[in-house]
Amino acid sequence: MSQKPSVPKGTRDFLPDEMARRNHIFDTIRGVFDLYGYVPVETPAMENLSSLLGKYGDEGDKLLFRILNSGDFMGKLPEDERGSGDSNRLANMICDRGLRYDLTVPFARFVVQHRNELTFPFKRYQIQPVWRADRPQKGRYREFYQCDADVIGSNSLLNEAEHARIIDDVFVRLGIKVIIRLNNRKILAGIAGMIGQHDKLIAMTVAMDKLDKIGLDAVCNEMLEGGIPPEAISKLKPVIGMTGSNSDKLDALSSLFDEKGPGLEGTREMKELLDMLALLEIKNRVDFDLALARGLNYYTGTIFEVKASDVEIGSICGGGRYDDLTGVFGLGGLSGVGISFGADRIYDVMLQSVGFPETVVASTRLMFANFGQKEAEACLPLLEKLRKSGISTELYPDKVKIKKQMQYANNRNIPFVALIGEKEVREKTVTVKNMKTGSQETISQDAITNYLITKMVK
RNA sequence: GUGGAUGUAGCUCAGUAGGUUAGAGCGUCAGAUUGUGGUUCUGAAAGUCGCCGGUUCGAGUCCGGUCUUCCACCCCA
């Protein structure tokens, strides 16, 4: 070992135990998506850079991984560009592709490209990794999985309600307690308009979003620095600091807005959504939260964010409505709503709080010990039989000491070991050892399937 | 991208004002037990002390750079 091998910053290997637990998360989410009528698609890991650039704001562009062109890309450059110190400019000339940053923008591209093959409203889900050249931290990786469900081609708020329901369903199944926060971009725009700061919407929302983290005063300071005048901020203060139930907030808001701006429409949408949610059996807390502003800048209506109640790790699911995402790819008039689960953070949350059910790591139920070629051959028909019955089983491949084989079974958490030695071959029997209790019984080989089925149920 | 901390065996960590052969626990492997694991006992292997360079008679220890991981900011799943 000359140089210690490693993986790139912010990426990880997953060991079998971790995979079993990760798959439990993926399987749960996939199962829920299936249940609500979403169909799966996949898109390539890399996209043309032109599809990605400009969709996530300046910050997002910086975080894109770019892929160096193949071949003699330098030779094709004009002489005077080669030595220029502007790496950004150079990167644009020698990189035509990049790794996807999320699943939504590639999906928008996908919808436009395949519009004639799809039936609208199109409900799809997609579970794939994405890459961001962010600086890694706890719960922040450079490669991580998103699990997205989107509906495109429908304006109905039923979709938003469904997404909230899906979020609740997934987290109830995983056993994670969460708070689902909702807001509406139109309400935020209405507020900005009300204080006469249409053009400062971004600065305002970015600051408001930090409310629970840094407090009201610091939020106001930040807005001041962002160029929002003091008198506008003092008008804003009571709105941001609004407390009470979801409907209290809605009532207070509707009296604030006039008929003209987007605010009232946003408020109506929020009311309609909350009314529908009241008819669904949602177990987790749902908060209409004016301070919620997150989301990529293409969101235009409802926005979602989900945080674990018991673990501090940032959001584990987010989403929202985007009125015209496909417009930039040349297909206007299609509205979409989507949610995205962050599988890696959900994993971290579960590890730190509720844990995983023990059964998720179990694979092999029964292992046959290997006593030599002849005895192993006697096991082969039994393996066939057990597998046909759906019992996960394996034969230890080498004739080594039984102690070692037992150790192997123990380390792998295999609950039963079958022993077929010289004597069992002769008598057509099998000795089955229960690794948990340590007891063992010798039974006829014909009885092995039924024996295991009754033992395993216990 | 900005600022700060970290890095010693597979893992968790010791390592005294720079001084000779760098330690422990857990794990791994072997044996006690030639058809029986998880307990016990005995023994062994395992580290260019993150990497590169500098100061010094001498560096795990001091200095510089670099990489990793972590923390804050930014942003986000």
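Given the structure is predicted, the values throughout are model-derived calculations rather than measurements. Convention: sequence-line order gives letters A, B, ...; per-chain numbering from 1.
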From [atom1] of [X] over to [atom2] of [N], roughly how many Å is that when rounded to an integer?
X       : N      : atom1 : atom2 : result
I346(A) : A77(B) : CD1   : C1'   : 8 Å
I303(A) : A77(B) : CD1   : C1'   : 15 Å
L103(A) : C76(B) : CG    : P     : 16 Å
Y56(A)  : C76(B) : OH    : P     : 13 Å
R181(A) : C76(B) : CZ    : C1'   : 13 Å

Set of residues satisfying ring pair (Phe, Tyr, Trp, His ring centres under 6.0 Å) with respect to [X], sequence neighbours excluded:
X       : value
Y347(A) : F356(A)
Y396(A) : Y408(A)
F26(A)  : Y145(A)
F368(A) : none

*Indicate yes or no: does E394(A) engage R412(A) in a salt bridge with an N to O separation below 4.0 Å.*
yes
*Salt bridge flag under 4.0 Å for residues E47(A) and R100(A)*: no
*Kindly write out the residues that satisfy side-chain contact (heavy atoms from CB on, under 4.5 Å) with E42(A), not counting sequence neighbours, or none if the list is empty.*
Q128(A)
*asked:* Using the side-chain contact (heavy atoms from CB on, under 4.5 Å) criterion, which residues pair with K9(A)? Sequence neighbours excluded.
replied: P136(A), R142(A)
Within the sub-3.5 Å range, which N or O atoms of nucleotides 68-74 of chain B have a protein N or O partner, and how far apart are they?
| unit_1 | atom_1 | unit_2 | atom_2 | d |
| --- | --- | --- | --- | --- |
| U68(B) | OP2 | K9(A) | NZ | 3.2 |
| U69(B) | OP1 | G10(A) | N | 3.0 |
| C71(B) | OP2 | K138(A) | N | 2.5 |
| A72(B) | OP2 | Q137(A) | OE1 | 3.2 |
| C74(B) | OP1 | K210(A) | NZ | 2.5 |
| C74(B) | N4 | R140(A) | NH1 | 3.2 |
| C74(B) | N4 | R140(A) | NH2 | 3.1 |

Separation between the [atom1] atoms of [N] and [M], rounded to whole Å:
N      : M      : atom1 : answer
C26(B) : C73(B) : C1'   : 38 Å
A59(B) : U21(B) : P     : 11 Å
C29(B) : A9(B)  : C1'   : 15 Å
G25(B) : U6(B)  : C1'   : 22 Å
G23(B) : U39(B) : C1'   : 27 Å
U2(B)  : G47(B) : C1'   : 36 Å
A30(B) : G38(B) : P     : 12 Å
A22(B) : G60(B) : C1'   : 8 Å

*Taking only residues two or more places apart in sequence or in another chain, which ones pass side-chain hydrogen bond (donor to acceptor under 3.5 Å, both in side chains) with T300(A)?*
D323(A)
*asked:* If the condition is side-chain hydrogen bond (donor to acceptor under 3.5 Å, both in side chains), which residues does Q440(A) pass it with, not counting sequence neighbours?
replied: none
_Earlier contact from the 5' end, RNA chain B, for A133(A) and F341(A)_ = A133(A)
*How does protein reach along nucleotides 35-41 of chain B, written 5' to 3' as B (base within reach of a heavy atom under 4.0 Å), S (only sugar-phosphate), or - (no contact)?*
BBBB---
*Within the structure shown, what part of the strands sits under 4.0 Å from C147(A) by heavy-atom distance: base, sugar-phosphate, or nothing?*
nothing
*In dot-bracket form, how is RNA chain B paired, counting a Watson-Crick or G-U wobble pair only if both its distances are under 3.5 Å and using | for bases paired to another strand?*
(((((.(..((((.....[...)))).(((((.......))))).....(((((..]....)))))).)))))....
*Can you tell me which residue pairs pass the side chain to side chain donor-acceptor pair (under 3.5 Å) test with a partner in residues 202-211 of chain A, sequence neighbours excluded?*
D209(A)-R294(A), K210(A)-E222(A)
*Determine whether the aromatic ring centres of F304(A) and Y299(A) lie less than 6.0 Å apart.*
no
